[in-house]
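Note on naming: letters A, B, ... go to the chains in the order of the sequence lines (proteins, then strands), and numbering restarts at 1 for each one.
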Amino acid sequence: MSQADTVVILDFETTGLSPQQWDRAIEIGAICIRNGEIIDQFQELMNPGFRIDGFIESYTGISNSMLAKAPCCADVMRKFSNFIGDYNLVAHNASFDKNFLDAELGRISRKYSGNFACSMLAARRLYPNAPNHKLGTLVEYANIPIDGVYHRALDDSKMTTGLWLAMLKEIKRRYDRTDIPFSLMQKLIKTPKKKVSQLLKN
DNA sequence: TGCCAGGCCCTCTTTAGGGCCTT
């Protein structure tokens, strides 16, 4: 598989909002797509080494007893590092997932060299009239079949994948394009809303 | 372990403030 046409769409469940505040990953889910087709997936719970609070148990459905049986973060992240290789990456509100990915890989002295793109920033430009740009709202807004439950890593990565593919399809339809390279999506999320049409028409 | 983030984006902006989005 070439680096350019393969993308990994990932989602972390974590103990909180910030690895800088001692938060850790507790689950990683990811879907690998190539040329718009799902070709692989990854899902693992990981034990952060301490008990998670009741809010996170309730929010994710991941319990302390489930995590007690799970491998440690280092073991899972080594496997996940091999899974993502140097492929480009996508996440919903990517700054959050990138922060945890960098932190967890940093703990095992690993890095990745792919580029990151954000489905939320892309959706803000392509679907400015959506009620809001939460993943669940956008899945409904774009008529994407719901696959699983929200706030579990693999299911959220599946729905983010559906959203990503729907946006690629929408750009093709709206701007009569046949090919949408990852680099164009990266440009899109950095383009002011008023200049989106200008970018995608070229 | 035991704290409460941070990047993006809009506007009543840029010498700033606040909402959105992620767990």
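- The nucleotide whose nearest atom lies closest to any side-chain atom of Arg124(A) is, among dC8(B), dT22(B), dC3(B), dC8(B).
- At a threshold of 4.0 angstrom between heavy atoms, the contacts of Phe55(A) include nucleobase atoms, whether or not backbone atoms are also involved.
- Side-chain N/O atoms of Lys193(A) include one lying less than 4.0 angstrom from OP1 or OP2 on dC10(B).
- Comparing the P positions of dT13(B) and dG18(B) gives an interatomic distance of 13 Å, to the nearest angstrom.
- The CG-P distance, from Leu17(A) to dG6(B), rounds to 11 Å in whole Å.
- Salt-bridge formation is detected for the pair Asp102(A)/Lys98(A): a Lys NZ or Arg NE/NH1/NH2 atom is positioned less than 4.0 Å from an Asp or Glu carboxylate oxygen.
- When the P atom of dA5(B) is taken as reference, atom CG of Asn93(A) falls 16 Å away, rounded to whole Å.
- Distance, Arg51(A) CZ to dT23(B) P: 22 Å, rounded to whole Å.
- Within the 4.0 angstrom heavy-atom criterion, no nucleotide atom of any strand lies near Ile26(A).
- OP1 and OP2 of dC20(B) both lie 4.0 Å or more from every side-chain N or O belonging to His133(A).
- Between dT23(B), dG6(B), dA5(B), one nucleotide has an atom nearer to the side chain of Ser95(A) than all others, and that is dG6(B).
- Separating the CG atom of Leu101(A) from the C1' atom of dT22(B) is a distance of 15 Å, rounded to the nearest angstrom.
- Of the candidates dT23(B), dG6(B), dC9(B), the closest approach to any side-chain atom of Arg125(A) belongs to dC9(B).
- Residue Asn132(A) has its side chain nearest to dC21(B) when only dC8(B), dC4(B), dC21(B) are considered.
- You'll find that the side chain of Leu121(A) is closest to dC8(B), out of dC8(B), dT23(B), dC4(B).
- A salt bridge links Arg173(A) with Glu170(A); the closest basic N to acidic carboxylate O contact falls under 4.0 Å.
- Sequence order on DNA chain B of the closest nucleotides to Asn99(A) and Tyr59(A) puts Asn99(A) first from the 5' end.
- The side chain to side chain donor-acceptor pair (under 3.5 Å) pairs that include a residue from residues 122-136 of chain A are Asn132(A)-Thr137(A), where partners are two or more places apart or lie in different chains.
- Glu13(A) comes within contact range of the sugar-phosphate backbone alone, with a heavy-atom separation under 4.0 Å but no base atom that close.
- The separation between Lys190(A) atom NZ and dC8(B) atom P is 9 Å, rounded to whole Å.
- Only the P atoms considered, dC4(B) is 24 Å distant from dT22(B), to the nearest whole Å.
- Between Glu104(A) and Arg24(A) a salt bridge is recorded (basic side-chain N to carboxylate O distance below 4.0 Å).
- Nucleotides dC12(B) and dG19(B), compared at atom C1', are 15 Å apart to the nearest Å.
- Note on ring orientation: taking the six-membered ring where Trp is involved, the planes of Phe182(A) and Trp164(A) are tilted (angle from 30° to 60°).
- In this structure, of dC21(B), dC9(B), dT23(B), it is dC21(B) that holds the atom nearest to the side chain of His92(A).
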